[in-house]
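Below is one structure; the comments refer to it alone.
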Amino acid sequence: MTEDVWTRWPSKEALRHEGVSTPRRLLAWFARLVVFGALLWGAFTSSHVHGWGAAAAAAGLMVAVFLAWAYSRTTLGHWLWPSLALLTALLGVAVAAESGGFRVPALVIWCAGAVAAMERMPLVAALPMTAVALTSYAIAADDPWLTTLATTAGLALAGYVLRLDAEGRGSTIRLLAQERAARAAEAESAALAERARIAREIHDVLAHSLSAQLVHLEAARLLIERGADRERILDRVVAARGMARDGLTETRQALSALRGELTPLEDFLAHLVRTTGSDAEVTITGDRRPLPAEASQAVRRVAQEALTNARKHAPGAGVRVRLDYGAHEVMLDVRDSGGSPGELTTTGGGYGLLGMRERAELLGGSLRAGPGEEGFVVTLKVPV
């Protein structure tokens, strides 16, 4: 941890001064203008400024500005050795200015270099460079030792405070970016989950409706192959048409369910038993209450699939449907009385039970399907 503190660069967000308010930006530009004005004033008010002296002052000023700009770019890229070289060159310009009699520009460059080193470089490199810059300033300033000590300490502290402020702002920006990314990922995940839910609802409706139609159409095909009378074939075709019409109704109901508009579950089961034409009885136990939309839809789809399977695999068998409202879960039990397999047993894709089980597990529930004492039993349990 100690090594990381000493060798860590300020973040690029901190070095770019992202998130700085407009007043602070104006203040920073004002400080730069003050420094630049001090350099101009010190360079061109000296007694040496005449002839070649003026040209040397202008050239030195341009070199100092270029080195400062280049230093800001290399520190932004976290390039240590180029940054050290540029800052060393900038301090060398200050030494040259002091040697040439341009004392004020030299002092300004040393002070600015010390602050910039503390603010923009790793501490392991910043502290030596700051020490060199402030030592040069202390030697050249020729002020009382107490004044020099206070000034150098204040400059070092100012650079470190600016560093901490920039790092804190950079951390805030990174956390804000991470939070935005997390929210975007959460919104995308929610959208994908909603799409999956809609696809699952529509799939279940179509699977049930088309499976029921397939039962009747397959029966009609078998009747035609066996030369059955027209009335029996027509009954099957009419039943298939009815299943198609019911499928459209169920699709509308599924869309209504997705909008939160659900008919009472008890009414749905009673209607389902009537429309399937099964010899079925419905029993409701427990304290009736509204269920969450997902749980209610699971019960409806499992009931549809179970009744379709009973009609297909045990035609004419009696079916008992029981819905039990428990304290912490709702249970649907669908069982038939058994019988000889129908002619349509091999029709369908065989994915009904798998789809029902997946739906139950998505809600944290369970589904059991298998032979019972008499026929086939499907039991769904969903927590509510």
Side-chain angles (χ1 to χ4, degrees), residues 2-21 23-39 42 64-95 97-98 104-141 143 145-173:
T2 303
E3 181 182 359
D4 183 60
V5 171
W6 285 96
T7 60
R8 185 181 66 239
W9 283 85
S11 66
K12 293 186 178 182
E13 294 84 1
L15 295 176
R16 280 196 294 262
H17 299 290
E18 294 183 2
V20 178
S21 62
R24 292 191 61 176
R25 288 182 182 275
L26 294 176
L27 182 61
W29 279 107
F30 177 75
R32 293 188 183 98
L33 290 176
V34 168
V35 172
F36 188 70
L39 290 174
V65 171
F66 171 76
L67 290 174
W69 173 83
Y71 171 76
S72 69
R73 303 307 299 174
T74 55
T75 53
L76 182 59
H78 290 176
W79 300 332
L80 180 60
W81 293 110
S83 300
L84 286 172
L86 289 169
L87 187 56
T88 301
L90 186 61
L91 297 181
V93 170
V95 173
E98 172 66 19
V104 173
L107 296 178
V108 171
I109 292 174
W110 279 323
C111 293
V115 173
M118 288 297 296
E119 182 183 6
R120 302 182 66 88
M121 295 179 68
L123 290 178
V124 69
L127 288 176
M129 297 303 295
T130 301
V132 170
L134 293 180
T135 300
S136 302
Y137 167 83
I139 295 173
D143 291 331
W145 69 270
L146 188 59
T147 302
T148 302
L149 180 62
T151 302
T152 54
L155 289 171
L157 182 61
Y160 190 67
V161 169
L162 289 175
R163 177 194 187 93
L164 293 179
D165 178 72
E167 287 185 339
R169 187 174 58 252
S171 298
T172 301
I173 292 173

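All values derive from a computational prediction rather than experimental measurement. For reference, positions follow the sequence shown, starting with 1. Just the heavy atoms: all of them, side chains too, but no hydrogens, waters or symmetry mates, feed the values below.
Here CG of Leu67 is found 11.0 Å from OG of Ser72. Values are rounded to the nearest 0.5 Å. Interatomic distance, Ile109 CD1 to Leu87 CG, rounded to the nearest 0.5 Å: 11.0 Å. Rounded to the nearest 0.5 Å, atoms OG1 (Thr88) and CH2 (Trp81) are 9.5 Å apart. To the nearest 0.5 Å, the span separating CG on Leu123 from CZ on Arg8 amounts to 8.0 Å. Note that the CG atom of Asp165 and the OH atom of Tyr160 stand 12.5 Å from one another [nearest 0.5 Å].
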In residues 124-133, what donor-acceptor pairs under 3.5 Å come from side-chain atoms, sequence neighbours left out?
residue, atom, partner, partner atom, Å
Thr130, OG1, Ala114, O, 3.3
Thr130, OG1, Ala126, O, 2.8

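Looking only at side-chain heavy atoms (C-beta outward), Leu155 and Met118 stay at 4.5 Å or farther from each other.
Formation of a donor-acceptor pair under 3.5 Å by the Tyr71 side chain with backbone atoms of Leu90 is not found in this model.
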Item to complete: Quick one: do Trp110 and Leu91 satisfy side-chain contact (heavy atoms from CB on, under 4.5 Å)? Show the steps, please.
Response: CA-CA 6 Å; Trp110 279 323; Leu91 297 181; 3.7 Å; yes
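Under the side-chain hydrogen bond (donor to acceptor under 3.5 Å, both in side chains) criterion, Thr75 pairs with Arg120, sequence neighbours left out.
Annotation for Leu162 and Val115: closest pair CD1-CG1, 3.9 Å, computed over non-hydrogen atoms. Taking both residues in full, the closest heavy atoms of Ala106 and Ala94 are given as CB-O, 3.2 Å, listed atom of the first, atom of the second, then distance.
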